[in-house]
Chemist: 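Okay, here's the structure, questions in a sec.
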Amino acid sequence: MAHPQRNQTITTYQLAAALLSMILGVGVMNLPRTLTVDIGTADGWISIIFGGVVITLQYVFVCHAFKKHNISSIDQYSRKAFGVILSKAISIMMAIYFLILGGWQAVAMSEMIRYFLLENTPHYVSIVTIILLCAFGVYYSLPTIIRVACFFLPISVVVLLFVLIVGFRDASLLNIRPVAAEGLLPVLLNSRNGLQAFQGVEIILLLMASLQKGVRPVKAGIGALLFSTLLYAMTYLIVVATVGTVEVQMLTWPTITLTHASESSLLFTERADSFLITTWILQFFLTSLLTLYAAVKLFKNVFSVKGNWLIIPATIGMILIALWPQTTDDITKVSEMQQYAFVGIFFLLPLLCYGVVSLKRKDSI
C-alpha cells in the first residue's frame, strides 16, 4: 500500500468543495418532505433562505474569531479557553458526533439502495461496505480526500440540476401559493430543519488548520453556503411545485419521486431516478469520508497516537453506530440529538471559546 502524502494543506477551491461535500447529503433528498411537514405549507424555501443566512453569519464569525485569536483548530481554541482536560473531553465528544453524523449518512444511503436499487440486499452490507471504503480513504492525506470530493461533487450537482430542469417542465405555481399566508413568523419559528440542512459546515472548525497560506476561508465558505442555499431552495420549490404539498409530506424521498412525476420525453429521463440515486450515493460517501477523517483527527489530537492505528477503532465505532437504529423511534431520536449537537458545536462552542479567551486576554493586560 502506498504511503500517505505529507502535504496536508488545501486551497480555497478545495475548501469550498469540502464544505459543499459535507453539506449536500441527505438534505437534498428528503428536505422537501421534512420542511413541508414542519411548516404545513409550501413556504419551506423561506426557512431554507433564513437558515442559510444564519449559518453564513455564524461561519463568518467563526473565521473572524479564529483569526483574531490566532487559532487554527477548535481543539486548540478550547484548550486556550478551558484547559487541557476539558478540551480533551470536548474533542472526544466532537469525534463521537462526527462518527454519528457519518453513520447516519451511511444509514440513509443503505435505505436508498434497499428501496430503489438492491431490494434483497441486507442494509448492513451496504453500511459496512461504504464505511470500510471511507476507512481506506482516510488512510491517505487530507488533500487526497479533498481531490476525491473535487472529482465526484461536480458530477452529483450536474445530475441533480439536470433532474430539476426536467422536473421544472411540469411544475405548477399553484402548488406553492399563497406565499406565507399566515405570516413569516410561523415559518421562521419552524426553521429547525432549515438550519439542519447545512449540517456539516462545522468541519471548518478542523479544516482551518490545513489551509495553505493565502487561502481565504470566508470567501470559500460564503461561496459554498450561497450555492448550497440556492440549490436547496430550488430543489424544494421545484419538487413541491411538481408533486404537490400534500403528496410531498407522504414521501420518504420526494426528490427522487420528482423523476417519476416528470412527464418529459427528453433522452435519458426514463431512468433518471436510477441515475440520480447512483450519483448521489457518491455524495453520501463523501460526507461519511470527511466525517470519519474529522473523528480520527480529533482522536489523534487527544491520544497522540502515531501512525493510522486510530482509524480502526473509529471505523468500528461508526459501523456500530450506523447499525444501532432499528426502529423509526430510534432514527427520530438520533436525528433530534444531531440537531442539538450541531447547534452546540457550531454556534455555542465557538461563542464560548471566543468569550472566555477574550476575557483572559483582557485580564492579562
Side-chain angles (χ1 to χ4, degrees), residues 16-17 19-60 153-154 156-201 220-249 251 253-259 261-262 276 279-280 283 287 339 342 346:
L19 293 172
L20 275 172
S21 297
M22 282 289 292
I23 294 170
L24 299 178
V26 179
V28 170
M29 296 294 125
N30 67 3
L31 189 60
R33 177 184 63 82
T34 56
L35 279 178
T36 306
V37 169
D38 282 349
I39 299 173
T41 66
D43 298 317
W45 60 274
I46 300 176
S47 293
I48 293 171
I49 295 175
F50 175 73
V53 171
V54 172
I55 294 292
T56 301
L57 291 175
Q58 177 62 16
Y59 179 93
V60 172
L153 179 65
S156 301
V157 172
V158 167
V159 171
L160 177 62
L161 289 175
F162 172 76
V163 169
L164 293 178
I165 291 171
V166 172
F168 182 73
R169 293 159 55 97
D170 301 307
S172 173
L173 290 177
L174 295 176
N175 289 329
I176 57 176
R177 294 177 61 188
V179 176
E182 300 178 0
L184 285 176
L185 186 59
V187 177
L188 299 180
L189 290 177
N190 287 283
S191 296
R192 180 182 59 180
N193 283 305
L195 285 172
Q196 193 185 17
F198 299 92
Q199 190 173 15
V201 69
I222 291 177
L225 289 168
L226 176 62
F227 181 81
S228 58
T229 301
L230 293 176
L231 191 62
Y232 276 139
M234 185 168 61
T235 301
Y236 180 92
L237 285 170
I238 293 177
V239 169
V240 175
T242 303
V243 181
T245 305
V246 176
E247 290 78 4
V248 163
Q249 297 182 52
L251 299 171
W253 307 103
T255 306
I256 297 175
T257 305
L258 174 69
T259 62
S262 302
L276 176 62
T279 53
W280 213 255
Q283 202 57 45
T287 305
Q339 290 177 348
F342 171 57
F346 188 61

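Everything numeric in this text was worked out from a predicted model, so none of it was measured.
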Chemist: Given side chains that start at C-beta, do those of Trp45 and Val240 come closer than 4.5 Å, heavy atoms only?
Modeler: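 No, every pair of side-chain atoms sits at 4.5 Å or beyond.
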Chemist: Apply ring-ring contact (aromatic ring centres under 6.0 Å, His included) to Tyr59 and list each qualifying residue two or more places apart in sequence or on a separate chain.
Modeler: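 ring-ring contact (aromatic ring centres under 6.0 Å, His included) list for Tyr59, sorted by chain: empty.
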Chemist: For the residue pair Gln196 and Gln339, what are the closest heavy atoms and their distance?
Modeler: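 Nearest pair, atom of Gln196 first, then Gln339: OE1-NE2, 2.7 Å.
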Chemist: Mind checking whether Ile55 and Leu195 have side chains closer than 4.5 Å, heavy atoms only?
Modeler: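 Yes; the side chains approach each other to less than 4.5 Å.
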Chemist: In the structure I gave you, are the side-chain heavy atoms of Ser156 and Leu24 within less than 4.5 Å of one another anywhere?
Modeler: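 When only atoms from C-beta onward are counted, Leu24 and Ser156 do not touch, as no gap falls below 4.5 Å.
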Chemist: Which heavy atom in Asp43 sits nearest to a heavy atom in Thr41, and how many Å separate them?
Modeler: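 For Asp43 versus Thr41, the nearest heavy atoms are OD2-OG1, 3.0 Å.
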Chemist: Are the side chains of Thr36 and Tyr236 in contact, using a 4.5 Å heavy-atom criterion?
Modeler: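 Answer yes - side chains close enough.
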Chemist: Provide the closest heavy-atom pair for Phe198 versus Gly51 in the form atom of the first, atom of the second, distance.
Modeler: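 That closest heavy-atom pairing would be CE1-C, 3.7 Å.
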Chemist: Under the side-chain contact (heavy atoms from CB on, under 4.5 Å) test, which residues partner Asp38, sequence neighbours left out?
Modeler: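 For Asp38, the residues satisfying side-chain contact (heavy atoms from CB on, under 4.5 Å) (neighbours in sequence not counted) are Arg192, Asn193.
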Chemist: Taking the side chain as C-beta and beyond, is there a heavy-atom pair between Asn175 and Val243 under 4.5 Å?
Modeler: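 No. Closest side-chain heavy atoms not under 4.5 Å.
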Chemist: Determine yes or no for a side-chain-to-main-chain donor-acceptor pair under 3.5 angstrom, with Thr287 supplying the side chain and Ser21 the backbone.
Modeler: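 Yes: the side chain of Thr287 pairs with the backbone of Ser21.
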Chemist: Just wondering, do Val179 and Ile46 contact through their side chains at under 4.5 Å, heavy atoms?
Modeler: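 Result yes, sub-4.5 Å side-chain heavy-atom pair found.
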Chemist: Closest heavy-atom contact between Ala16 and Ala224?
Modeler: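 Result for this residue pair: O-CB, 3.8 Å.
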Chemist: How close do Trp280 and Val157 get, heavy atom to heavy atom, and via which atoms?
Modeler: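 Scanning both residues, the minimum pair turns out to be CZ3-N, 4.4 Å.
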Chemist: Less than 4.5 Å apart, any side-chain heavy atom of Leu230 and any of Met234?
Modeler: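 With C-beta onward as the side chain, the pair stays apart.
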Chemist: Thr235 versus Leu31: any side-chain heavy-atom pair under 4.5 Å?
Modeler: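 They are not in contact (no side-chain heavy atoms under 4.5 Å apart), so the answer is no.
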Chemist: Under 3.5 Å, side chain of Gln58 to main-chain N/O of Phe346, donor-acceptor pair present?
Modeler: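 Yes; judged by distance alone, with no hydrogens or angles, the pair exists.
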Chemist: Taking all heavy atoms of Leu153 and all of Ala17, pick out the closest pair and write down the distance.
Modeler: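 Of all heavy-atom pairs spanning Leu153 and Ala17, the closest is CD2-O, 3.8 Å.
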